[in-house]
Amino acid sequence: MKEKPTKQEKIQANNLIEEVTEILGPCVKCGMCKSNCPVFKTIREESISPRGHSISLLNKKLEESLFDCTLCKSCERNCPLGIKICDSITKAREALSLKKKNTKQNEEMLKNLEETGNPFGNNPPKGEELFCC
Amino acid sequence: MNLLPYEYDASQIKGKAKQVIFPQSIGQVKSIVATSPKITIRGGGTGLSGGAVPNGDIVLDTSKLKKIGKLDQQRKTVEVEAGVILDDLEAFLEDYNLEFPVNPSSHTICTIGGMIATDAVGSRAIKYGATSKWARWIEVVDSKGNIGRKGATEMSDYTNMEGITGVIVKACLNLIPKQKRTASLIPVKDLDELLELTQKLKSHESISMVEMLDEFTSKGLGLEEKYHLIAEFEDNTGKMKDEKYTELLNLRDKVGPLLSREGYLMIEDPKLHHNKLKDFLTWLKIKKIPCFGHISVGIIHPRFKPNEEKLISEMMKVVKKLGGQVSGEHGIGILKKKFVDPQDKNIIINVKKRTDPENKFNSGKII
Ligand SMILES: Cc1cc2nc3c(=O)[nH]c(=O)nc-3n(C[C@H](O)[C@H](O)[C@H](O)COP(=O)(O)OP(=O)(O)OC[C@H]3O[C@@H](n4cnc5c(N)ncnc54)[C@H](O)[C@@H]3O)c2cc1C
Ligand code: SF4
Ligand code: SF4
């Protein structure tokens with residue numbers, strides 16, 4: 001059975017969500033942050049763009065797609081209002097984690113770390129199977 | 001699926017989406033249109049009038065129609081799909097020493113389809129005019145899902161119609177050789193000097209942009225609290241070159257969102273004849289309404305706070321009294337519907353009836 005968040009974790013998650021909406025509060029939805037977002041540039045879907053994250057988070061909708069962000073901060077460089085979009089995404093991910101809504105991959109990684117000390121477990125992929133942007 | 005991001009554009013209006021579809025080819029657009037009852041067309045979602053905000057219907061997002069096709073270097077033309085982002089096109093053309101000259105401040109994110117649909121203007125209007133002037137032909141999917149190529153004479157049924165008449169899927173654009181540009185930032189002492197200098201700059205042989213910033217906007221950008229002009233030249237006339245030039249233009253692109261941060265979330269885009277600008281700018285100054293804009297072509301961007309609806313209506317009356325247009329470049333969308341002249345509205349209704357009798361596209365927009 002899936003683990004449930006404790007009362008304390010729920011409070012912590014809600015506090016984080018409050019912080020997220022505070023960070024994103026000044027967002028005017030201009031979309032300038034999309035300019036160099038590598039994820040948007042590749043997938044071309046607004047929901048995984050920084051403006052998409054901002055709109056969803058401002059509406060307190062925490063989606064698994066938050067984990068699609070590379071945390072590269074390119075959006076922050078292009079936001080004319082200097083909004084810390086990346087910080088808000090990191091906090092929102094933390095809130096998801098506290099609510100026990102981690103992605104399957106994250107759960108697996110945590111389990112591997114606990115059991116073997118290696119995020120890939122006992123059968124890490126070969127060098128050439130790993131890739132990085 | 002998370003539909004929230006598709007229920008907004010840059011206008012601050014929120015709509016309701018039933019579904020969002022991302023066609024990856026023109027063939028897919030045809031079948032989606034043929035089988036869907038009501039469609040809102042979305043490009044980059046940078047519109048400032050709510051044109052891409054859905055009304056409970058299906059959102060057709062053109063972002064994945066991103067192919068840059070045939071480039072004819074001799075004739076200086078390029079064929080592009082509607083979802084190509086303007087700056088991606090410019091990056092592609094750079095290798096061939098060519099460029100597309102129309103430059104709205106949203107150039108890093110707006111799509112060619114959205115630019116044609118709104119007939120985007122931008123800061124180089126004095127030299128290059130609006131987007132439609134640069135389209136050789138466009139291909140449009142009609143409400144039955146059929147595709148047709150529209151040349152110069154038929155194009156006006158689709159350009160500046162904000163998607164209410166059909167989906168623009170492809171265009172052939174005229175290009176120019178890549179220009180080397182410089183710019184100057186000029187502080188001026190008052191409105192008289194601002195307008196006089198604007199006229200002088202407009203007749204300079206290498207001018208490609210004259211933009212104005214009012215005192216409030218200048219201060220917000222860290223400049224002296226005075227009116228300023230930004231003049232761009234297609235030679236070495238400007239004082240700011242290379243990086244300094246790029247810095248100045250980047251600053252210019254950020255003016256709109258920066259004023260939004262100050263609470264001025266609403267942006268208008270009236271267009272006035274040069275000899276009416278003094279009256280208009282004086283009125284804005286008396287009413288303490290911040291503004292900036294493409295002064296070379298009379299397009300001014302006054303900014304308002306969300307509770308200033310009455311002041312916007314008052315301003316529109318002033319614009320009409322001075323013989324101006326209520327929207328010079330951002331389109332009507334949802335926000336400016338109530339300001340459309342009844343005669344213009346009838347013309348638009350007739351085009352709509354002829355091109356989209358079932359009212360499939362962008363219902364509730366413009367008319
Ligand atoms: C910071 C900022 C600066 C801006 N500066 C300028 C400027 O200088 N000059 C200017 O003119 N505008 C400016 N705009 C407004 C906006 O960027 C332009 O109107 C732009 O052309 C819209 O392009 P888009 O792809 O984002 O279209 P969207 O916002 O997605 O759509 C705009 C309208 O066009 C329709 N549409 C979109 N694609 C298609 C298609 N393929 N077929 C049919 N209809 C379609 C939509 O339904 C909607 O009605 C600015 C906006 C922002 C946020
Ligand atoms: S650039 Fe900044 S203000 Fe504009 S949509 Fe992105 S986060 Fe919001
Ligand atoms: S930090 Fe995330 S949202 Fe921002 S540009 Fe990078 S990938 Fe995109």
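Sequence lines set the chain letters: A, B, ... in the order given, protein chains first and strands last, and positions in each chain run from 1.
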Checklist entry - Which pairs pass salt bridge (Lys or Arg N to Asp or Glu O under 4.0 Å) with one or both residues in residues 42-60 of chain B, sequence neighbours excluded? => result Glu46(A)-Arg42(B), Arg42(B)-Asp61(B)
Checklist entry - In this structure, are over 12 heavy atoms from other groups packed under 6.0 Å from Lys67(B) atom NZ? => result no
Checklist entry - Checking side-chain contact (heavy atoms from CB on, under 4.5 Å) for the pair Leu265(B)/Val28(A): CA distance, chi angles, key distance, verdict? => result CA-CA 7 Å; Leu265(B) 290 171; Val28(A) 294; 3.4 Å; yes
Next on the checklist: Between Arg44(A) (side chain only) and Ser63(B) (backbone N and O only), is there a donor and an acceptor less than 3.5 Å apart?
Outcome noted: yes
Checklist entry - Is the count of non-hydrogen atoms from other residues, nucleotides or ligands lying under 6.0 Å from Lys29(A) atom NZ greater than 12? => result yes
Item to check | Most chain B-contacting option - heavy-atom pairs closer than 4.5 Å, from Glu45(A), Lys61(A), Lys41(A) | outcome: Glu45(A)
Next on the checklist: Just verifying a value: how many Å separate Arg51(A) CZ and Thr46(B) OG1, rounded to the nearest 0.5 Å?
Outcome noted: 7.5 Å
Item to check | Residues Asp87(B), Lys34(A): salt bridge by 4.0 Å N-O rule | outcome: no
Item to check | Atom pair OG/CD1 of Ser35(A) and Ile85(B) - distance to nearest 0.5 Å | outcome: 8.5 Å
Next on the checklist: Given heavy-atom pairs under 4.5 angstrom as the criterion, report whether the side chain, backbone, both or neither of Asp9(B) touches chain A.
Outcome noted: backbone
Next on the checklist: Could you check whether Ser47(A) and Asn2(B), counting side-chain N and O atoms only, form a donor-acceptor pair closer than 3.5 Å?
Outcome noted: no
Checklist entry - Looking at Gly256(B), Ser105(B), Gly83(B), Gly45(B), which makes the most heavy-atom pairs under 4.5 Å with chain A? => result Gly45(B)
Checklist outcome for this item: Here the gap from Ile83(A) atom CD1 to Arg261(B) atom CZ, rounded to the nearest 0.5 Å, amounts to 9.0 Å
Item to check | Sub-4.5 Å side-chain heavy-atom contact between Ser56(A) and Pro5(B) | outcome: yes
Checklist entry - Around atom NZ of Lys10(A), are there more than 12 heavy atoms of other residues, nucleotides or ligands at under 6.0 Å? => result no
Checklist outcome for this item: Interatomic distance, CG@Asn59(A) vs CG@Leu4(B), rounded to 0.5 Å, equals 4.5 Å
Checklist entry - Quick one: what part of Leu258(B) sits under 4.5 Å from any heavy atom of chain A, side chain, backbone, both or neither? => result both
Item to check | Proximity breakdown for Leu48(B) and chain A, heavy-atom pairs closer than 4.5 Å | outcome: neither
Checklist entry - Any side-chain heavy-atom pair from Ile43(A) and Phe22(B) closer than 4.5 angstrom? => result no
Checklist entry - Within a radius of less than 6.0 Å around NZ of Lys99(A), do more than 12 heavy atoms belonging to other residues, nucleotides or ligands occur? => result no
Checklist outcome for this item: Scanning both residues in full, the closest heavy-atom pair of Lys254(B) with Arg77(A) reads NZ-O, 4.3 Å
Checklist outcome for this item: Comparing Val20(B), Asn250(B), Thr108(B) against chain A, the one with the most heavy-atom pairs below 4.5 Å turns out to be Thr108(B)
Checklist entry - Is it the case that more than 12 heavy atoms not belonging to Asn307(B) sit under 6.0 Å from its CG atom? => result yes
Checklist entry - Is the number of heavy atoms from other residues, nucleotides or ligands within 6.0 Å of CD (Glu22(A)) greater than 12? => result no
